[in-house]
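Only one structure is covered here, and it is reproduced in the block below.
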Protein chains: 2
Amino acid sequence: MKKYIPVLKKTKLFAGIANDEIASMLLCLDAQVHHYKKGEYVLREGEHLSNIMILVGGRLHIQKDDYWGNRSILEQISMGEMFGEAYIAPESEPLLNDVVAAEDSVVMFFNAKQIITTCSSACRFHTMVVQNLFFSISEKNRKVVRKLSHMSKRSIREKLISYLSEEATRQNSSSFAIPFNRQQLADFLFVDRSAMSNELSKMRKEGLLEFERNCFKLL
Amino acid sequence: MKKYIPVLKKTKLFAGIANDEIASMLLCLDAQVHHYKKGEYVLREGEHLSNIMILVGGRLHIQKDDYWGNRSILEQISMGEMFGEAYIAPESEPLLNDVVAAEDSVVMFFNAKQIITTCSSACRFHTMVVQNLFFSISEKNRKVVRKLSHMSKRSIREKLISYLSEEATRQNSSSFAIPFNRQQLADFLFVDRSAMSNELSKMRKEGLLEFERNCFKLL
DNA sequence: TCCTTTTTGTTGTAAAAACAACAGACTTGT
DNA sequence: ACAAGTCTGTTGTTTTTACAACAAAAAGGA
């Protein structure tokens with residue numbers, strides 16, 4: 001458990017909190033560690049949540065498969081990101097999507113009630129965590145809205161440009177790796193893989209970008 | 001100002017707070033009222049926010065126009081809903097979209113810092129508001145994810161079914177009105193209006209639904 | 001009321017995407 | 001090293017969507 005404190009320290013939720021403070025909070029917040037193999041389900045659609053979770057190792061996909069087997073990847077969760085936080089409100093509906101390990105992953109569970117109910121004595125920094133929680137969910141919110149903007153684009157090409165540009169900006173370089181293979185990227189952009197591959201090739205021919213596997217360079 | 005207290009009382013943010021408590025908080029939170037005519041901009045892309053806003057009259061669209069004049073409506077804000085809350089975090093980027101009055105509207109502005117910084121004495125209920133704020137943004141989050149699910153559908157027909165089903169569920173009836181005209185619905189679903197109109201007609205012929213103007217009935 | 005503007009549905013055509021099928025490159029495990 | 005499986009790009013076909021243009025219906029204003 002303690003070995004994840006350095007990771008937690010870097011998260012938005014525990015920003016500005018000292019290591020030993022985090023350690024004491026782990027007890028107060030009822031922290032638990034779970035391990036998942038690639039492909040395993042962390043959460044399933046329809047579940048009721050009473051925990052807030054932080055990914056401390058690996059990578060997760062928040063996704064949904066429809067009746068015909070079409071998969072849609074709504075979000076990707078990377079190291080240090082929080083998830084599940086939107087479903088702990090008292091009148092919240094059950095989880096809308098599945099959460100699946102995209103690679104071997106480690107997740108920490110925290111008792112949600114303990115987080116949002118500021119405790120009386122022990123944890124001096126609890127108030128700060130509540131505020132951090134709000135800032136974290138704010139960031140998540142903006143992330144989803146950005147994704148929605150990608151999806152508002154009408155053509156595969158525009159969606160690709162929109163997404164790849166964001167990645168280039170985020171990684172602060174015109175050369176960057178993405179955390180998806182082709183099929184996953186297609187599922188993430190809600191388009192057909194072969195059509196997308198085709199479009200990528202066209203764009204390369206036109207000199208808009210270069211790529212190899214999951215590495216891209218915008219020109 | 002005081003005339004909006006009954007509206008505020010029904011919002012998620014002020015849930016469980018007595019009328020006179022709200023009244024005193026209006027001062028503490030630096031509340032201001034602004035009026036907008038249909039089509040007027042409430043906020044513009046790129047702005048930095050230091051307020052949380054609640055719509056107390058009318059209807060707003062959170063939207064974006066691209067270079068070629070294609071409009072995308074990302075969200076609709078109805079009476080009593082909060083907005084802007086995701087952009088007040090210290091390291092938040094500027095606003096990603098425009099906020100426009102879809103009809104004559106009234107908006108209340110609250111000082112964001114005052115809300116998230118629990119004040120010392122006067123407002124006994126301030127702690128509750130902070131918690132409400134978290135639950136409100138949680139709900140907003142789920143709303144955006146639901147919209148993302150609609151958009152994950154590959155065809156216009158599926159998007160329509162996905163959106164209309166949600167409305168039917170939300171309004172708890174198979175007959176319901178939607179808050180969009182055809183062009184706005186198309187902008188909201190990120191598709192072409194005429195193609196969508198066409199698809200609606202086909203669906204009506206096939207007996208899937210009935211409609212007239214903005215009133216729909218699922219069969 | 002009449003005129004103007006907006007909204008909606010319809011049609012035909014061009015463009016784009018989905019779908020299916022396959023081959024070659026690359027991985028992985030034995 | 002080999003076999004099995006996965007990933008990626010490519011092609012041809014079918015389906016769907018976008019686009020443009022227009023007419024009818026409805027709404028709004030003078």
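Residue numbers begin at 1 in each chain, while the letters A, B, ... track the order of the sequences.
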_Evaluation steps, side-chain contact (heavy atoms from CB on, under 4.5 Å), between B:Arg154 and A:Asp192_ = CA-CA 9 Å; B:Arg154 310 303 163 97; A:Asp192 178 75; 5.6 Å; no
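- Here CG of A:Leu148 is found 8.5 Å from CE of A:Met151. Values are rounded to the nearest 0.5 Å.
- Straight-line distance from the CG atom of A:Leu189 to the P atom of C:dA17: 12 Å, rounded to whole Å.
- Residue A:Lys159 comes nearest to A:Lys153 through the heavy atom pair CE-O, 3.1 Å, listed as atom of the first residue, atom of the second, then distance.
- Of the residues in residues 158-168 of chain A, none lies under 4.0 Å from DNA chain C by heavy-atom distance.
- Taking the ring axis of A:Phe188 as reference, the NZ or CZ atom of A:Lys147 stays within 45° of it and closer than 6.0 Å to the ring centre.
- Among residue pairs with one or both ends in residues 73-100 of chain A, those qualifying as side chain to side chain donor-acceptor pair (under 3.5 Å) are A:Arg59-A:Gln76, A:His61-A:Gln76, A:Ser78-A:Glu81, A:Glu81-A:Lys143, A:Glu85-A:Lys140, A:Glu93-B:Arg142, A:Glu93-B:Arg146; sequence neighbours excluded.
- A ring-centre distance under 6.0 Å is found for A:Phe14 and A:Phe110.
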*After noting the C-alpha distance and the side-chain angles of B:Phe83 and B:Val107, does the key distance pass the side-chain contact (heavy atoms from CB on, under 4.5 Å) rule?*
CA-CA 10 Å; B:Phe83 63 99; B:Val107 176; 3.8 Å; yes
*Treat primed atoms plus P, OP1 and OP2 as sugar-phosphate and everything else as base, then score nucleotides 5-20 of chain D 5' to 3': B for base contact with protein heavy atoms under 4.0 Å, S for sugar-phosphate contact only, - for none.*
--SBBBB-----SSBB
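- A distance of 7.0 Å separates CD of A:Gln32 from CG of A:Asn51, quoted to the nearest 0.5 Å.
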